[in-house]
Student: 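The structure is given below, and queries will be raised subsequently.
Just so it is clear: chains get the letters A, B, ... in the order the sequence lines come, proteins before strands, and each one is counted from 1. None of the values given here were measured: they were computed from a predicted structure.
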There are 2 protein chains.
Amino acid sequence: MKSHQLVLNWIDDELQTGRLALGQRLPGERALAQQLSVSRNSVREAIRILEAMGVVRSAVGSGPDAGTLVTADPTTALASAIKLHMSTSHLQVKDIVQTRVALETWAAAHADAKSKGFEEAEALLAAMDAKDLGAAEFLTLDARFHVAVSSAAGNVLISAMMFSLRESIQRYAGELTSNLPDWELTCNRLRSEHHGIIAAIRRGDSVGASDLIRDHIENYYREAGLGGPDTSSAP
Amino acid sequence: MKSHQLVLNWIDDELQTGRLALGQRLPGERALAQQLSVSRNSVREAIRILEAMGVVRSAVGSGPDAGTLVTADPTTALASAIKLHMSTSHLQVKDIVQTRVALETWAAAHADAKSKGFEEAEALLAAMDAKDLGAAEFLTLDARFHVAVSSAAGNVLISAMMFSLRESIQRYAGELTSNLPDWELTCNRLRSEHHGIIAAIRRGDSVGASDLIRDHIENYYREAGLGGPDTSSAP
DNA sequence: TATCTGCTGTGGTCCGACCACGCAAGGTAG
DNA sequence: CTACCTTGCGTGGTCGGACCACAGCAGATA
């Protein structure tokens with residue numbers, strides 16, 4: 001058992017039993033090291049891991065906002081993990097697209113038209129209707145739009161996963177624009193498809209919204225010359 | 001910019017440009033520290049994070065398997081992140097179940113009956129048919145079955161997500177057995193539903209497999225008294 | 001030739017020190 | 001009495017050094 005793992009286990013236990021709750025402060029690094037009979041380095045390594053996982057947040061100085069305190073940001077871990085594993089080329093665009101389809105079709109079918117996420121999606125929809133947008137700006141809004149729609153379903157985990165995928169989505173969507181025969185044409189199609197998705201959710205058409213968003217995602221990648229996300233081994 | 005972040009960025013860059021590839025060794029901690037003009041502690045903190053993310057693996061000693069070398073295990077980050085955030089009570093069972101439905105319905109619809117994952121699922125199916133299984137043993141196999149079916153779709157990211165959810169699935173499925181009116185009855189139903197899912201995949205019935213696995217997942221949680229995964233705010 | 005024994009480099013752990021930061025209490029000038 | 005300023009103190013951030021256990025490898029030995 002490595003020393004920092006002991007610290008991780010201790011903190012995990014404190015969290016599970018409720019002795020440590022959201023917003024509370026951890027003991028100081030020096031105190032924690034003495035309490036668990038490990039070095040301060042080991043404590044710091046554990047805290048670094050928790051920080052990377054989005055479980056705690058560290059700040060120097062004194063006062064109520066200083067020190068290491070418990071947060072709850074499930075997205076940081078997913079986002080950096082996905083980014084890193086895409087750096088190792090272990091993750092392909094196909095995988096991202098398919099995961100989007102799986103998550104977003106479910107989310108579209110369960111989206112609540114009265115949620116904050118839906119309102120944000122509507123605002124982004126309006127912003128994307130501006131005529132003087134460049135491709136990069138449009139795709140930035142597009143990625144945020146899809147994250148917002150997904151969060152309208154009210155599922156913390158699915159929202160976190162979609163949020164974590166945002167950067168990857170944006171990057172690859174941008175890279176694929178060069179493969180498109182006519183960006184303006186595609187952009188206008190995307191706009192009308194977005195409106196269709198929002199309309200379907202607003203009228204409570206779960207199946208319609210689900211089908212529309214699937215076609216919306218798959219058609220873009222098909223149009224960009226990837227032959228559709230389902231046929232990675234296509235001729 | 002914190003020191004360990006500098007190390008993370010350097011390694012991420014090495015990975016992206018391909019100077020560091022899967023299976024290769026990182027420079028020693030002391031060498032890396034000197035090269036980047038940071039302390040060895042900072043290097044270690046960065047490596048710890050990468051280790052928690054499943055990007056590298058450290059081993060003491062000498063020889064080809066010693067030192068810190070690049071791996072590719074996207075599951076470790078997800079699994080520990082999900083576990084930690086469930087400890088903070090930021091994730092609920094409802095969220096897990098809904099995510100399962102989203103991922104597994106897609107995976108069932110895209111599962112390949114000739115893949116290794118499908119073969120493993122069939123083997124687990126046979127193992128679950130044994131009559132002398134306790135609830136815990138059955139649910140362990142059940143969780144592995146669902147992960148295997150999901151991996152049959154051939155998507156690295158979705159497989160990783162499902163694998164990461166396995167521990168959580170198993171835990172909560174086990175806790176819910178006490179709510180069931182008749183475990184033997186439910187268990188037999190689960191068995192036949194599993195056979196139905198496998199049969200649907202084998203005959204290429206995407207829609208059928210998808211519907212079956214959704215009902216399979218949702219019915220269990222409904223039967224356990226949660227009123228269905230979609231009605232978390234039910235009376 | 002076969003075996004043993006150091007040597008070397010690896011990560012693992014610990015200690016002590018110093019720094020920058022930022023609030024809070026106290027002193028100080030008005 | 002009020003408003004400002006100084007100082008103290010605890011926080012995380014960083015650094016250098018030291019020692020340990022481990023595992024392979026090369027040279028010495030039987």
Student: Take atom CZ of A:F163 as the centre, draw a 6.0 Å sphere, and report whether it contains more than 12 heavy atoms from other residues, nucleotides or ligands.
Tutor: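 Result for CZ/A:F163: open.
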
Student: Considering residues at least two apart in sequence or located in another chain, which fulfil the salt bridge (Lys or Arg N to Asp or Glu O under 4.0 Å) criterion with B:K116?
Tutor: none

Student: For A:K2 and C:dT13, give me the distance from atom NZ to atom P, rounded to whole Å.
Tutor: 7 Å

Student: Atom CZ of residue position A:R48 - does it have more than 12 heavy atoms of other residues, nucleotides or ligands inside 6.0 Å?
Tutor: yes

Student: Measuring from B:Q98:CD to B:I217:CD1, what's the distance to the nearest 0.5 Å?
Tutor: 11.5 Å

Student: Starting at the 5' end of DNA chain C, which residue's closest nucleotide do you reach first, B:A66 or A:M1?
Tutor: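 Taking each residue's closest nucleotide, the earlier one in sequence belongs to B:A66.
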
Student: What's the separation between atom OG in B:S39 and atom NE2 in B:H4, rounded to the nearest 0.5 Å?
Tutor: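 Separation between the atoms: 11.5 Å.
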
Student: Strictly below 4.0 Å, heavy-atom distances to any atom of DNA chain D: list the hits from residues 53-61 of chain B, or just say none.
Tutor: B:G61

Student: For residues B:I96 and B:M86, determine if any side-chain heavy atom of one lies less than 4.5 Å from a side-chain heavy atom of the other.
Tutor: yes

Student: Go through the structure and list residues passing ring pair (Phe, Tyr, Trp, His ring centres under 6.0 Å) with A:F145, not counting sequence neighbours.
Tutor: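 With neighbours one apart ignored, the set is A:H194.
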
Student: In whole Å, I'd like the distance from the CZ atom of A:R25 to the P atom of D:dT11.
Tutor: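 Going from CZ in A:R25 over to P in D:dT11 covers 7 Å.
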
Student: Drop me the distance from B:I213's CD1 to B:S150's OG, to the nearest 0.5 angstrom.
Tutor: 6.0 Å

Student: For DNA chain D, which residues in residues 4-11 of chain A have a heavy atom at a distance below 4.0 Å?
Tutor: none

Student: Hey, are the side chains of B:V70 and B:L26 touching, using non-hydrogen atoms and a 4.5 Å cut-off?
Tutor: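 Yes, close enough: below the 4.5 Å cut-off.
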
Student: Roughly how far, to the nearest 0.5 Å, is CD of B:E14 from OG of A:S87?
Tutor: 11.5 Å

Student: Shorter than 3.5 Å, N or O on both sides, protein versus nucleotides 24-26 of chain D: list them out with atom names.
Tutor:
unit_1 : atom_1 : unit_2 : atom_2 : d
D:dG24 : O4'    : B:S62  : OG     : 3.1

Student: Is it the case that the side chains of A:N41 and A:E45 hold a donor-acceptor pair, with the cut-off being a distance below 3.5 Å and no angle test?
Tutor: no

Student: Set out, in order, the CA-CA distance, both residues' side-chain angles and the distance that settles side chain to side chain donor-acceptor pair (under 3.5 Å) for B:S164 and B:T75, then state yes or no.
Tutor: CA-CA 6 Å; B:S164 310; B:T75 65; 5.4 Å; no

Student: Which residues within residues 30-50 of chain A lie with some heavy atom under 4.0 Å of an atom in DNA chain C?
Tutor: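 Going residue by residue through residues 30-50 of chain A, the ones with a heavy atom under 4.0 Å of DNA chain C turn out to be A:R30, A:S37, A:V38, A:S39, A:R40, A:N41, A:S42.
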
Student: For A:Q35, does the CD atom have more than 12 heavy-atom neighbours from other residues, nucleotides or ligands under 6.0 Å away?
Tutor: yes

